[in-house]
Amino acid sequence: MNVFSTLFKGLVLCTITTILPIRSSAQHLESGLNEPLKIQRIKLPVKLDGLSNESAWEGIKSLPMVMITPIFDNEPSERTEILLGYDDEYLYAAGRFFDSEPSKILAASFKRDVWTYASDQMTIILDTFNDNENGVVFLTTPAGTRTDANILNDAVGAPNKNVNTSWNTFWDVATVRNNDGWFAEMRIPFSSLRFEEKDGQVVMGLAAFRFIARKFEMNTFPLIQEKVGFWGTFKPSQTREILFEGIKSHNHLYITPYLLGGLGQSNELNDAETTYDKTDKFVHEAGLDVKYGLTNNLTLDVTLNTDFAQVEADDQQINLTRYSLFFPEKRLFFQERSGNFDFSFEDNNRLFYSRRIGIHEGKQVRIYGGARVVGRVGAWDIGFLNMQTENFNALPSENFNVLRLRKQVINPYSYIGGMVTSRIGNKDSLNTTYGIDGIFRLFGDDYLSLKWAQSFEDNEKNQFVSLEPSKIYVNWDRRNEKGLGYNLSYTRSGDAFNPGIGYERRNNYTRFGDRVQYGWFPGKESRLQNHQVFIEGYTFIRNDDSTIESSEIGAGWKFITKVNSYYDIKIVQYNEDVAESFSFSDDADVPTGKYTFNGIKGSYITFQGSPYKITTTIDAGFFYDGRRVTMSLTPIVNISAHLQLEGMYQFNKVEFPDRNQKFTGHIGQLRTLAFLNSKISFISLIQYNSASDRIITNFRFRYNHREGNDFYLVYDENYNTDREREIPVLPRTSNRTIMLKYNYTFNIGL
């Protein structure tokens with residue numbers, strides 16, 4: 001019951017805290033202005049050609065833009081105009097980006113969903129529900145590319161967390177380059193947005209910015225507070241309220257059938273385990289996706305015979321820990337609106353991990369179909385998911401359910417919510433998990449997060465009033481990059497806690513962490529944009545005997561230059577109590593025992609506004625009773641908008657001289673991205689993993705005639721590089737497939 005007492009105290013504290021305005025006046029360029037900015041209605045047709053010189057744009061005022069980097073609160077170095085207007089069907093955004101050196105305008109790629117600082121950019125961010133936490137992004141470059149993304153949890157941890165570029169919706173863009181600069185027009189259907197209408201009015205949050213790559217210059221509206229850092233431009237809490245009158249979201253029906261055909265070849269070990277038998281299989285499938293806007297703010301998605309043949313292979317990893325690896329979701333259906341289903345703890349732990357559906361021990365399981373409802377009902381944000389899979393080997397046919405609810409309380413930055421999940425197989429296979437959570441803005445930039453979860457399974461005691469099937473999470477976070485900041489957390493996970501469709505890296509532990517920091521912004525004369533000193537670490541304690549299982553403590557310094565080169569370095573001490581031995585390979589293992597050792601970590605990223613970028617990382621030092629070095633090099637070369645090369649090489653070496661053991665592991669990756677234009681692309685991914693002695697290849701040709709209409713040609717192969725490492729001798733290829741997939745979207749206005 002302690003968790004409920006803590007939750008109650010947090011609610012009381014929030015109640016007596018001064019209620020903050022929806023967005024502080026410091027975020028408005030007009031002093032003291034708290035009223036929403038009224039967007040002007042366009043009364044004449046807009047020709048989508050990028051130029052915005054037709055009569056429809058006459059009288060539309062441009063947004064007042066301000067530089068936030070490299071010099072905070074300065075005038076833009078180039079004339080910059082962004083205009084917004086709307087009619088009954090569309091939101092229009094026009095960008096007029098004049099440039100004194102037009103030959104130096106950068107456009108790195110024609111790739112759909114390109115996200116790189118090697119391109120000039122125009123970006124519009126909309127907090128469509130005006131909830132200060134979730135938003136959608138529309139971004140284009142001088143090449144006319146379309147990048148859309150959804151934001152959750154106020155982009156905390158961006159860019160690696162809470163910004164999902166796999167979300168796609170229907171919208172159009174046109175761009176032009178000439179001797180004056182580059183120019184863009186976006187046309188976003190209101191049917192592609194979910195929002196709330198009240199008394200004929202819709203209030204959203206808006207941020208707009210222009211990025212000049214060669215100068216690494218960001219000009220924004222509104223002026224984003226310096227203390228929130230560079231990624232504050234993507235925070236819905238920093239947007240400016242805008243007002244539309246007389247708009248409605250039309251309930252369009254999108255029906256997308258697909259056809260798939262191809263040939264698959266696999267080599268499986270026979271029952272006697274004496275040889276591998278080759279099997280050829282002709283694959284032919286058909287399926288259907290349906291999307292329907294139930295209301296202005298609620299969307300239904302239905303999928304039948306869901307297939308992910310076009311999805312890129314997982315990035316290879318080498319595991320130098322005693323715990324399971326985490327792989328991010330890459331399947332589009334599960335990435336869309338993923339923020340509505342977020343219930344996360346520390347270390348990627350979560351109540352809902354979508355890779356539990358349709359994937360078993362690295363192999364695909366057929367998904368018969370399912371449905372998803374996302375949006376808002378009254379004051380509640382809602383996410384509901386139901387999926388059904390077929391039986392697979394010893395795994396029964398299973399039904400998966402997820403229900404997520406959240407509601408804004410107390411002030412515009414605080415929420416309470418809950419989640420329920422279930423995984424139902426046969427009569428002996430049932431797992432149900434629920435969670436209750438709250439995020440409360442207490443004062444200033446300080447947030448308190450409280451989470452409680454329990455799981456129940458067949459053949460278990462399932463005691464409701466017990467900590468054993470339960471998990472508690474408490475986090476106090478000061479969200480800023482300037483001055484004192486911290487992220488302090490406490491977690492307790494019981495021995496019987498097992499979220500059936502979640503992810504838990506460890507079990508039965510208590511954890512303390514994470515970070516205290518102090519940051520500076522030196523000012524316009526310095527070559528540094530900002531820098532921080534920090535102390536961070538964690539301790540995992542076994543619940544059984546209260547001994548320390550793992551701990552890490554380190555101090556470091558990171559800084560970012562005015563041209564956005566990034567550096568960080570950290571000195572670390574580790575403590576590990578190994579209760580069960582584990583191995584990295586047949587030639588190297590870690591025996592049981594207690595270990596204390598030290599190391600150093602560092603990373604460096606070159607100027608990110610250049611067509612050529614290199615990221616380097618190192619993790620080296622002592623390692624249990626030996627030593628270890630891990631180094632990685634990730635070069636990116638944007639040869640032109642038609643061709644990009646991305647590489648990655650990682651070297652791992654572990655040595656235990658006293659035991660005469662060592663392990664060396666290599667990962668190599670080469671990704672080639674070739675584009676005829678923004679519609680026709682070829683992407684290849686070749687990976688080598690010496691730990692598993694495999695080369696994995698993935699080649700994808702795509703013709704994207706328009707959003708929702710795609711033709712794919714996909715070839716995959718899994719090649720064994722050391723065939724004699726096992727008996728019987730491994731086949732040259734474990735499997736290979738070639739697939740053709742075509743989907744076409746019918747847009748039916750209702």
Side-chain angles (χ1 to χ4, degrees), residues 1-17 133 152-154 156-157 161-162 342-352 404-411 413-419 433-455 464-480 484-499 502-517 534-543 546 548-553:
M1 300 295 292
N2 289 338
V3 67
F4 296 107
S5 175
T6 304
L7 178 60
F8 176 76
K9 291 178 181 178
L11 286 170
V12 171
L13 180 59
C14 288
T15 303
I16 63 176
T17 301
E133 188 176 37
L152 61 144
N153 197 24
D154 202 27
V156 173
K161 292 177 62 179
N162 295 321
D342 178 64
F343 197 113
S344 300
F345 301 98
E346 81 298 331
D347 293 345
N348 289 316
N349 294 330
R350 57 199 63 200
L351 282 195
F352 175 52
R404 179 69 158 121
L405 297 171
R406 296 189 73 199
K407 180 183 179 182
Q408 192 177 87
V409 294
I410 302 174
N411 61 49
Y413 305 90
S414 301
Y415 300 84
I416 59 171
M419 173 178 276
T433 304
Y434 80 90
I436 301 170
D437 67 332
I439 301 177
F440 308 103
R441 182 171 179 176
L442 303 180
F443 46 82
D445 300 308
D446 282 60
Y447 289 78
L448 175 67
S449 299
L450 304 172
K451 300 187 182 186
W452 163 271
Q454 280 190 317
S455 65
F464 186 80
V465 185
S466 172
L467 292 178
E468 293 313 300
S470 308
K471 185 162 187 172
I472 304 168
Y473 175 79
V474 180
N475 176 263
W476 191 301
D477 181 17
R478 173 172 286 182
R479 300 178 182 176
N480 65 20
L484 179 65
Y486 40 76
N487 186 353
L488 308 175
S489 67
Y490 164 84
T491 307
R492 188 192 188 281
S493 183
D495 185 39
F497 180 69
N498 178 30
Y503 177 83
E504 279 287 294
R505 187 173 172 84
R506 308 183 190 219
N507 71 305
N508 198 23
Y509 65 87
T510 297
R511 179 188 184 275
F512 299 90
D514 287 274
R515 183 182 177 104
V516 177
Q517 66 191 36
F534 59 87
I535 298 174
E536 63 181 10
Y538 59 79
T539 298
F540 284 92
I541 299 173
R542 296 188 181 97
N543 291 334
S546 298
I548 294 177
E549 181 177 75
S550 301
S551 71
E552 174 184 324
I553 182 69

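What you are looking at is a predicted structure, and each value in this text was computed from that prediction instead of being measured. Just so it is clear, the values below take in all heavy atoms, side chains as well, and ignore hydrogens, waters and symmetry mates.
Applying the salt bridge (charged side-chain N to carboxylate O under 4.0 Å, His left out) criterion to D446, with sequence neighbours excluded, gives R478. Scored by the salt bridge (charged side-chain N to carboxylate O under 4.0 Å, His left out) test, D477 finds R479 as partners (sequence neighbours excluded). Under the side chain to side chain contact (heavy atoms under 4.5 Å, CB included) criterion, T510 pairs with Y490, R492, F512, I541, N543, not counting sequence neighbours. When the side-chain hydrogen bond (donor to acceptor under 3.5 Å, both in side chains) test is applied to D514, the partners found at least two apart in sequence or on another chain are S489, R511. By the side-chain hydrogen bond (donor to acceptor under 3.5 Å, both in side chains) test, R406 is found to be paired with E133, residues two or more places apart in sequence or in another chain being considered. By the side-chain hydrogen bond (donor to acceptor under 3.5 Å, both in side chains) test, E504 is found to be paired with K471, S493, residues two or more places apart in sequence or in another chain being considered. Here R505 pairs with nothing under the salt bridge (charged side-chain N to carboxylate O under 4.0 Å, His left out) rule; sequence neighbours left out. Residues forming a side-chain hydrogen bond (donor to acceptor under 3.5 Å, both in side chains) with T433 (at least two apart in sequence, or on another chain): N431. In this structure, the side chain to side chain contact (heavy atoms under 4.5 Å, CB included) partners of S470, at least two apart in sequence or on a different chain, are W452, Q454. Partners of F540 under the ring pair (Phe, Tyr, Trp, His ring centres under 6.0 Å) rule, at least two apart in sequence or in another chain, are Y509, Y538. Legend: residues meeting salt bridge (charged side-chain N to carboxylate O under 4.0 Å, His left out) with E549, ordered by chain and number and at least two apart, are R506, R542.
Taking 4.5 Å as the limit, every side-chain heavy atom of N349 sits out of range of all side-chain heavy atoms of T491. With contacts defined as side-chain heavy-atom distances shorter than 4.5 Å, the pair N475/Y447 does not qualify. You'll find the side chain of I416 reaches within 4.5 Å of the side chain of F440, heavy atoms only. In this structure the side chain of I472 reaches within 4.5 angstrom of the side chain of L467, judged on heavy atoms. Residues L488 and V516 form a side-chain contact, since some pair of their non-hydrogen atoms from C-beta on lies under 4.5 Å apart.
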Residues F345, F343; criterion ring pair (Phe, Tyr, Trp, His ring centres under 6.0 Å); working and verdict: CA-CA 7 Å; F345 301 98; F343 197 113; 5.7 Å; yes
Would you sort out whether D154 and Y413 count as a side-chain contact (heavy atoms from CB on, under 4.5 Å), showing the intermediate values? CA-CA 10 Å; D154 202 27; Y413 305 90; 6.0 Å; no
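Side-chain atoms of N480 never come within 3.5 Å of backbone atoms of D445 as a donor-acceptor pair (strictly under, hydrogens ignored). Side chain of R350 to backbone of N348: a donor-acceptor contact under 3.5 angstrom is found.
Once rounded to the nearest 0.5 Å, the distance linking CG of N153 with OG of S449 reads 7.5 Å. The OG atom of S466 lies 12.5 Å from the CZ atom of F497; values are rounded to the nearest 0.5 Å. Note: W476 CH2 to L450 CG = 10.0 Å, rounded to the nearest 0.5 Å.
D437 and G418 get closest at one heavy-atom pair: OD1-N, 3.6 Å. Between A453 and L351 the shortest heavy-atom distance is CB-CD2, 3.9 Å. Taking each heavy atom of S455 and A496 in turn, the nearest pair found is OG-O, 3.4 Å.
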